[in-house]
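Let me begin by presenting the structure, written as structure tokens, before commenting on it.
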Amino acid sequence: MVKIVSRTYVGQANVYDIGVENDHNFVIKNGFIASNCFNKSHSTAYAYVTYQTSYLKANYPLEYMSALLTANSGDTDKIRKYLDNCSNMGIVIDPPDVNRSGLDFTPIDDKILFGFSAVRNVGQNAIASILEAREESGELIPFKSLADFCSRVDLRTMNRRTLESLINCGAFDKIQPNRNQLIHDSELVYEWAQSRARDKASGQGNIFDLLGGGFAGNNNQSQNHGFESAPKAPPVNDLPPQEKLRMEKELLGFYLSDHPLKSIRQSSSVLAPINLAQLGEQKDDSILCAVIMLNNVKKVVTKKGDSMAILQVEDLSTTSEVVVFPKTYERISHLLQIDARLIIWGKVDRRDDQTQFILEDAETVETVKMILVELSPQQAGTIEEQHRLNTILKAQAGDKDKSRIPVIGIVQSGNYREIVRFGRQFWVQDSTTTVQALQNGKFHAKIKQLTSS
């Protein structure tokens, strides 16, 4: 390896990328300088490493992806990308588990178990303490309750914030799935366990320890004594699914056990055939529709004093940036709430080799409606019927800027079913009057919410 100790400016020169058969010289004839010389040994080494990694990924996908996730556990963006790769490969990622997880991502039973090292607020000392308490004297002894966990783990390495992070990321779900109950219990159990630890340190065992044959030792019988006396908070309902997912994302950097958009993936695909990962493949000025989660809003003031925004959004494929110019921002700013599920319309803009999504309209997914028109093959294939349907829809379109309700055609004959997405020019303003007009025209039509089952 060559170490550069100084740099000297030698003027400008023509630069070529060349391959040198014999000696590898950087200065060649006529004062020309060869840069980025890629000699045969270097290229061979790269090819060999590429072959090795490709072989491992093809033949040992669990082990390979586990190692890749572990090596990048501190980079949320890369972890998210590799988790998407796992999903595409059919590899299931199990959430953290206090009784199973280790420091790193681990392949177990055709799945990859999430490692503690990728959970925020959980430090190396806390992880070491969990693993040590769980494997006493070389024997795996699972934690049976929150009180059991707090009694056996060295609380000097684990503060309340760490304990709450483990609860909220799902690491205790196999013990108690009600995370909200565990959070309320932890406020009492943590102090109770600290008091037990102080008593043990000072040589004062409580009565349960004494009845168990001394202070809580390393056998199962002694460990069970006293846990029933651990304080518990009054029963509470679990957190709403949306709140549990929000906490997961805050601690892991992404949604793991579920995603807020998964429940509407099938219905939203009718409206948004292009996901954010495909944004760069679209033509300039293409009109797109996407269903997204809003992660962040950065408000910007223009030179004229107008407000606009840069949005950080995500769908099931990737994260992206969306630009909202002043006129649009003034109209939809009340919808731009963090963690909101939105359907957005906009166009592709390419500048300086950068692809942007320029937002032109938005609506919360909970308020999005569609009109479904059921057509027989005879109706769909008859020009007169097509013209009649077009006439009704155009009469209901009204002001183009206010027409936000899409129309979907369903052609069905026996087991054959085809979905036809009508163009934006056929979208309508009022769902009720449109359905009534279609029914009066002898078409089977109904209103469907995007979020309905």
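Not measured: the values here are computed from a predicted model.
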Suppose we screen for ring-ring contact (aromatic ring centres under 6.0 Å, His included). Which residues come up paired with F143, at least two apart in sequence or across chains?
F149
Does V291 reach the side chain of V368, with side-chain heavy atoms less than 4.5 Å apart?
no
Sequence-distant partners of Q124, side chain to side chain donor-acceptor pair (under 3.5 Å), two or more places apart
none
Within-4.5 Å side-chain heavy-atom neighbours: T434 and W427:
no
How would you list, by chain and number, every residue that makes a ring-ring contact (aromatic ring centres under 6.0 Å, His included) with Y255, sequence neighbours excluded?
H259
Only counting residues at least two apart or in another chain, list the ones meeting side chain to side chain donor-acceptor pair (under 3.5 Å) with D154.
R156
Test of understanding: with side chain to side chain donor-acceptor pair (under 3.5 Å), list the residues that count as partners of E250, not counting sequence neighbours.
R246
Return all side-chain donor-acceptor pairs below 3.5 angstrom for residues 297-304, not counting sequence neighbours, or 'none' if the list is empty.
unit_1	atom_1	unit_2	atom_2	d
T302	OG1	K304	N	3.4
T302	OG1	D306	N	3.1
T302	OG1	D306	O	3.3

When L342 is tested against each of V313, V365, L336 for side-chain contact (heavy atoms from CB on, under 4.5 Å), which residue passes?
L336
Short question: side chain of T70, backbone of A67 - any donor-acceptor pair under 3.5 Å?
no
Taken in chain and number order and not counting sequence neighbours, the residues that satisfy side chain to side chain donor-acceptor pair (under 3.5 Å) with D75 are none
Is the shortest heavy-atom distance from the side chain of Q412 to the side chain of E374 under 4.5 Å?
no
Indicate yes or no for a side-chain donor-acceptor contact from S54 to the backbone of T50 under 3.5 Å, with no hydrogens or angles considered.
yes
What's the spacing between E63 CD and T106 OG1 if we round to 0.5 Å?
11.0 Å
Sequence neighbours left out, what passes side chain to side chain contact (heavy atoms under 4.5 Å, CB included) with P231? Give chain and number order.
L188, W192
Does anything in residues 107-131 pair up under ring pair (Phe, Tyr, Trp, His ring centres under 6.0 Å), and if so which pairs, sequence neighbours excluded?
F105-F114
Any pair counted as ring pair (Phe, Tyr, Trp, His ring centres under 6.0 Å), so long as it reaches residues 303-334, sequence neighbours left out
none
Selection residues 166-178 - residue pairs positive for side chain to side chain donor-acceptor pair (under 3.5 Å), sequence neighbours left out
D173-R179
Residues two or more places apart in sequence or in another chain: which of them pass side chain to side chain contact (heavy atoms under 4.5 Å, CB included) with Y55?
Y51, N59, Y60
